[in-house]
Amino acid sequence: MTDCGSQGGGSALAESEPNDTRDTADDATALASPGTLTGSMKSTDDRDYFKVTAAAGQTVSVNCAVPSAYDADAYWLDANGGTLTRSVNDGAGTDESLSFTRTATGTGTYYLDVEAYSGSGSAAYSCSLTRS
């Protein structure tokens with residue numbers, strides 16, 4: 001596992017606070033595919049942002065295993081913060097999955113936003129990130 005908040009290449013990246021905005025997002029652009037993003041919802045208003053890039057025609061998929069201590073939701077955001085797709089399954093410990101395919105030319109920057117819906121705790125969520 002990479003050090004918390006490390007931006008080097010690798011197969012895992014742990015969130016580092018503060019990462020509650022797009023401007024402070026943990027950079028997952030160098031994360032190998034498939035890779036793992038981890039973090040926790042330390043409060044009921046916690047949000048964890050991860051910066052991800054996608055090339056033209058590339059699909060980026062995320063599957064998050066959420067612990068039973070809280071209910072977390074996941075959102076794909078564009079570079080301006082607009083929601084492209086979301087996964088808001090109800091219930092503490094309910095996993096979240098979403099996928100996005102870049103249709104524009106060139107490479108774009110996107111953000112995965114994992115946020116607390118209810119509950120909190122130090123138990124870690126784990127998101128598998130795949131680019132294809």
Side-chain angles (χ1 to χ4, degrees):
M1 170 136 358
T2 331
D3 289 338
C4 188
S6 173
Q7 295 186 18
S11 61
L13 175 65
E15 62 117 349
S16 59
E17 295 292 348
N19 65 336
D20 298 329
T21 68
R22 291 186 328 277
D23 290 337
T24 59
D26 288 305
D27 191 348
T29 58
L31 188 70
S33 179
T36 303
L37 304 169
T38 60
S40 63
M41 298 287 103
K42 294 173 183 60
S43 69
T44 56
D45 60 354
D46 194 6
R47 300 175 90 145
D48 295 338
Y49 283 85
F50 297 93
K51 180 180 173 181
V52 179
T53 57
Q58 190 171 47
T59 298
V60 183
S61 300
V62 173
N63 296 302
C64 297
V66 179
S68 60
Y70 48 82
D71 182 0
D73 295 329
Y75 299 83
W76 272 126
L77 307 176
D78 64 20
N80 296 318
T83 301
L84 300 170
T85 188
R86 63 190 181 129
S87 179
V88 292
N89 296 324
D90 291 334
T94 303
D95 296 344
E96 303 291 343
S97 294
L98 41 86
S99 183
F100 168 74
T101 301
R102 178 167 169 80
T103 56
T105 59
T107 299
T109 300
Y110 300 91
Y111 296 89
L112 172 64
D113 170 14
V114 180
E115 60 184 67
Y117 177 75
S118 67
S120 63
S122 60
Y125 62 80
S126 177
C127 299
S128 170
L129 175 75
T130 305
R131 295 180 184 97
S132 56

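Since this is a predicted model, take the numbers as computed values, not measurements.
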Asks: With rounding to the nearest 0.5 Å, note down the distance linking NZ in Lys42 to OG in Ser122.
Replies: 8.0 Å
Asks: Kindly give the heavy-atom pair with the smallest separation between Gly91 and Asp71, and that separation in Å.
Replies: N-OD2, 3.1 Å
Asks: Could you tell me which non-hydrogen atom of Ala104 sits nearest to which non-hydrogen atom of Ala56, and how far apart they are?
Replies: O-CB, 3.1 Å
Asks: Quick check on the hydrophobic clustering: are Leu98 and Phe50 connected, directly or via other members, by side-chain heavy-atom contacts under 4.5 Å?
Replies: yes
Asks: Would you call the rings of Tyr49 and Tyr111 parallel, tilted or perpendicular, taking 30° and 60° as the class edges?
Replies: perpendicular
Asks: So which atom in Ala74 and which in Glu96 form the shortest heavy-atom distance, rounded to 0.1 Å?
Replies: CB-CB, 4.2 Å
Asks: For residues Thr44 and Ser120, report the shortest heavy-atom separation together with the two atoms involved.
Replies: N-CB, 3.9 Å
Asks: If every non-hydrogen atom of Met41 is compared with every non-hydrogen atom of Ala116, which pair is closest and at what distance?
Replies: SD-N, 3.1 Å
Asks: Return yes if a side-chain donor-acceptor contact under 3.5 Å exists between Asp23 and Thr21, otherwise no.
Replies: no
Asks: Under 3.5 Å, is there a donor-acceptor pair between the side chain of Asp27 and the main chain of Thr29?
Replies: yes
Asks: Any donor-acceptor pair under 3.5 Å linking the side chain of Glu15 with the backbone of Asp26?
Replies: no
Asks: Looking at Val66, is its backbone amide N or carbonyl O close enough to the side chain of Asp95 to form a donor-acceptor pair, meaning the two atoms are under 3.5 Å apart?
Replies: yes
Asks: Distance from Thr85 atom OG1 to Phe100 atom CZ, nearest 0.5 Å?
Replies: 9.5 Å
Asks: Would you sort out whether Leu84 and Tyr110 count as a side chain to side chain contact (heavy atoms under 4.5 Å, CB included), showing the intermediate values?
Replies: CA-CA 9 Å; Leu84 300 170; Tyr110 300 91; 3.6 Å; yes
Asks: To the closest 0.5 Å, what do you measure between CG (Leu129) and OG (Ser11)?
Replies: 11.5 Å
Asks: Passes side chain to side chain contact (heavy atoms under 4.5 Å, CB included), Asp48 versus Asp20? Steps please.
Replies: CA-CA 5 Å; Asp48 295 338; Asp20 298 329; 4.2 Å; yes
Asks: Hey, quick one: are Tyr70 and Leu37 part of the same hydrophobic cluster, counting side-chain heavy atoms closer than 4.5 Å, chains of contacts allowed?
Replies: yes
Asks: Got a sec, which pairs hit salt bridge (Lys or Arg N to Asp or Glu O under 4.0 Å) with one end in residues 99-122, sequence neighbours left out?
Replies: Arg47-Asp113, Arg47-Glu115
Asks: Output, in order, the C-alpha distance, side-chain angles, deciding distance and verdict of side chain to side chain contact (heavy atoms under 4.5 Å, CB included) for Val52 and Arg131.
Replies: CA-CA 10 Å; Val52 179; Arg131 295 180 184 97; 3.7 Å; yes
Asks: For Thr83 and Leu77, what are the C-alpha separation, side-chain angles and deciding distance, and is it a side chain to side chain contact (heavy atoms under 4.5 Å, CB included)?
Replies: CA-CA 5 Å; Thr83 301; Leu77 307 176; 3.6 Å; yes
Asks: To the closest 0.5 Å, what do you measure between OG (Ser99) and CH2 (Trp76)?
Replies: 8.5 Å
Asks: My understanding is that only residues two or more places apart in sequence, or in another chain, count here; which of them pass side chain to side chain donor-acceptor pair (under 3.5 Å) with Ser97?
Replies: Asn63
Asks: What is the distance from atom CG of Asp46 to atom CD of Glu17, rounded to the nearest 0.5 Å?
Replies: 5.0 Å
Asks: Mind listing the closest non-hydrogen atom pair of Asp78 and Arg22 along with its distance?
Replies: O-CD, 4.2 Å
